[in-house]
Amino acid sequence: MSWEMVGIWGGALLTLCLYSFLYRDNPFYKFAEHLFVGMSAGYWAIYTIFNVLKPNWWDKLVGAGDADPQLIMIIPGLLAVLMLMRVVSKLATYSRLPLALIVGAGAGLQLVSFFQTNGLKQVENTVIPLVGSGVGPTIDNLLIVTAVVCGLVYFFFSKAHRGITGGMANVGITMLMVAFGASFGYTVMARISLLIGQAQFLLFEWVPTIPRILGL
Amino acid sequence: MGRLGLFLVILIGPVPALAAGSAGPDQARPVADSFEAVDSPNDAGGVIELSWAMSPGSKLVDSMLVTRSKAGGPENVLSVVSPVSTSYRDTTVANGVRYSYALVPMLDGRRLAEVGPVAASASAQWIHSGRSGMLIITVILAAFILYFIRHGRKGGELYIRQIAGLSAVDDAVGRATEMGRPVLYIPGIMDMDNIQTIASTVILGRVAARTAEYGTPLMVPVSKSVVLSVAQEVVKEAYLEAGRPDAFQKDSISYLTDDQFGYAAGVDGIIVREKPAAIFLLGAFYAESLILAETGRSVGAIQIAGTAMPSQLPFFIAACDYTLIGEELFAASAYLSREPKLLGSLKGQDVAKLFFMVVIVLGVIASTVGQAWDPASEIAAFIRNLTHVE
């Protein structure tokens with residue numbers, strides 16, 4: 001049996017083990033699940049060491065290749081050591097320092113991109129004339145402006161959803177639900193194509209190997 | 001002739017040099033002129049942009065070499081560009097180092113007279129000149145947030161409307177307590193540098209406080225090591241504040257794997273075996289959202305979900321009892337804690353939304369009227385420029 005055959009049979013049997021979950025939890029699913037979790041955890045550990053830690057920290061610290069060593073990389077190294085202090089109960093408090101740095105820096109950096117993509121870009125693209133060149137574009141523009149303004153009203157927390165505010169909020173959430181419905185359908189189609197891909201693997205790659213394995 | 005020549009180069013490949021003296025390209029003219037090397041603006045450095053213009057009527061070549069050298073160092077060929085290229089970005093430079101660049105035209109494997117050299121060095125810019133409008137708006141909105149935080153701290157009333165999903169948090173934990181089954185909290189699959197994960201860990205604190213109070217087991221499987229550390233800290237703190245440090249179990253917050261579907265498979269296993277009565281899916285989710293929510297539904301758990309991922313919200317809405325949509329997830333920490341500082345921040349964000357609504361309405365009116373009246377279209381253009389970010 002070639003390694004290719006081992007791969008096909010391994011993939012097919014594990015696929016069937018995972019699909020057995022559709023019936024109920026069972027030892028086959030448990031086996032595939034634990035194998036998947038364990039192998040992926042190990043894979044990501046190695047991936048992180050060789051694709052994150054080494055190129056982004058170690059190589060820069062020691063000056064890999066013809067680059068000069070960057071001694072400033074000692075600081076993230078120290079922060080990493082502080083993070084590991086969690087395993088020593090007396091020194092565990094020091095692990096909060098790198099955690100605070102990660103959370104603070106993460107929030108600060110995300111502020112810019114969030115504000116840019118979720119705020120300003122939306123406003124810029126909504127500043128459009130209500131009357132477009134024809135009936136279709138006019139309806140499009142009206143829908144865009146109405147959906148954005150009413151959607152914003154829905155997410156306005158300082159006022160109860162009553163009266164005009166309530167009406168606009170209802171329009172906003174209705175528009176959101178229509179958008180979610182379209183997104184749902186689109187994504188389900190993509191998932192079904194994944195299912196078809198896996199079924200094709202079983203039918204056209206795995207099933208034809210069964211007679212060969214059985215010597216038929 | 002120039003355009004025809006370029007067309008022929010594209011159509012039939014390299015064009016041999018025309019005979020000297022014929023009515024063709026000028027052999028003496030350099031292939032390119034206006035050759036410039038400048039530091040790429042508004043970035044963190046590490047990039048030098050080269051640009052040049054093709055000399056009209058110059059010799060047609062096969063290709064051009066972009067070469068680079070440091071002071072006293074050897075010349076390296078960075079790239080071979082097509083003869084019709086007029087720019088190149090060198091993204092392999094170190095900040096503060098002066099590099100010399102030259103363009104070497106190639107014809108029949110021979111190097112012709114090079115263009116250049118020109119020199120430049122890369123540097124990082126502290127201020128992004130294309131984001132001045134963003135800076136102004138951010139400062140104004142930050143001022144509003146600080147005002148409301150101050151107002152809240154002084155005891156001023158800060159009204160926040162009811163959010164159904166968040167009002168159900170206590171009920172969900174209570175239900176789990178009554179049924180004698182655990183509470184499962186899933187903080188998404190992204191790391192702590194994601195603002196949704198940060199918001200989720202704040203809500204986790206509140207949920208942990210309730211489970212500590214009611215004595216209900218809490219399980220928090222995570223997919224990132226840093227989230228594991230933060231979640232352990234948050235839950236431990238909540239149990240301490242609730243006066244139940246003895247009930248805190250570090251192992252109840254566990255790392256599964258970084259892998260998206262490995263994590264989903266692991267959490268599914270936990271759901272079907274432990275049968276939690278309440279499941280919280282709050283944070284950043286991707287394709288695993290429906291897998292998790294559907295499994296939770298199959299064991300009859302009350303599910304409260306929340307994310308700012310637009311593509312995953314439909315699945316949570318379909319499979320969960322309550323769903324926090326986008327902004328509601330970020331409002332949750334203020335809503336649940338009722339802390340003046342967080343409520344003030346939320347009020348400030350509401351002012352930002354009001355500001356944007358006014359800007360949009362004004363911009364739309366100006367844009368519509370501007371179709372017939374030029375001054376109004378200028379106002380619309382000003383609003384667009386103010387909100388434009390490069």
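The sequence lines fix the lettering, A, B, ..., with proteins before strands; numbering per chain opens at 1.
- Only one option out of A/Asn141, A/Leu142, A/Val145 pairs with B/Val364 in a side chain to side chain contact (heavy atoms under 4.5 Å, CB included); it is A/Val145.
- With a threshold of 4.5 angstrom between heavy atoms, B/Ile163 approaches chain A through side-chain atoms but not through N, CA, C or O.
- Contacts of B/Gln162 with chain A are absent, with no heavy-atom separation under 4.5 Å from either backbone or side chain.
- Ranked by heavy-atom pairs under 4.5 Å with chain B, the first of A/Gly108, A/Ala107, A/Ala105 is A/Ala107.
- Between the side chain of B/Thr368 and the main chain of A/Leu130, a donor-acceptor pair closer than 3.5 Å is present.
- In terms of non-hydrogen atom pairs under 4.5 Å with chain B, the most contact-rich of A/Val112, A/Leu111, A/Thr48 is A/Val112.
- Annotation: maximal heavy-atom pairing with chain A below 4.5 Å, among B/Gly363, B/Gly133, B/Ala265, occurs at B/Ala265.
- Between B/Glu288 and A/Arg191 there is no salt bridge, since none of the side-chain N atoms of the basic residue sits less than 4.0 Å from a carboxylate O of the acidic one.
- Residue B/Thr138 touches chain A through both its backbone and its side chain, counting heavy-atom pairs closer than 4.5 Å.
- Looking only at distances, a side-chain donor or acceptor of B/Gln371 sits under 3.5 Å from a matching main-chain atom of A/Val131.
- With B/Lys353 contributing its side chain and A/Val153 its backbone, the two residues share no donor-acceptor pair below 3.5 Å.
- The NZ atom of A/Lys159 lies 11.5 Å from the CG atom of B/Leu354; values are rounded to the nearest 0.5 Å.
- Only the side chain of B/Ala318 has a heavy atom closer than 4.5 Å to any heavy atom of chain A.
- Under the 6.0 Å distance and 45° angle rule, B/Arg273 does not count as a cation-pi partner of A/Phe21.
- Remark: the A/Ser158 side chain and the B/Asp350 side chain contain an N/O donor-acceptor pair separated by less than 3.5 Å.
- Contacts of B/Phe330 with chain A are made by side-chain atoms alone, with heavy-atom separations under 4.5 Å and no backbone atom involved.
- With a 4.5 angstrom heavy-atom cutoff, B/Leu362 does not touch chain A via any of its atoms.
- For a residue to count as touching a neighbouring chain, one of its non-hydrogen atoms must lie under 4.5 Å from one of that chain's; by this rule B/Leu346 touches chain A with the side chain only.
- Note that OH of B/Tyr159 is 12.0 Å distant from CZ of A/Phe157, once rounded to the nearest 0.5 Å.
- Summarising the geometry, atom OG belonging to B/Ser311 is positioned 10.0 Å from atom CZ belonging to A/Phe180; distances are rounded to the nearest 0.5 Å.
- With a 4.5 Å cut-off on non-hydrogen atoms, B/Ile195 touches chain A through its backbone and its side chain both.
- The shortest distance between side-chain heavy atoms of B/Thr257 and A/Tyr43 does not fall below 4.5 Å.
- Here the side chain of B/Arg384 pairs a donor or acceptor atom with the backbone of A/Val127 at under 3.5 angstrom.
- At a 4.5 Å heavy-atom cutoff, the contact between A/Met83 and chain B is made by side-chain atoms alone.
- Aromatic ring centroids of B/Phe261 and A/Phe36 lie 6.0 Å or more apart.
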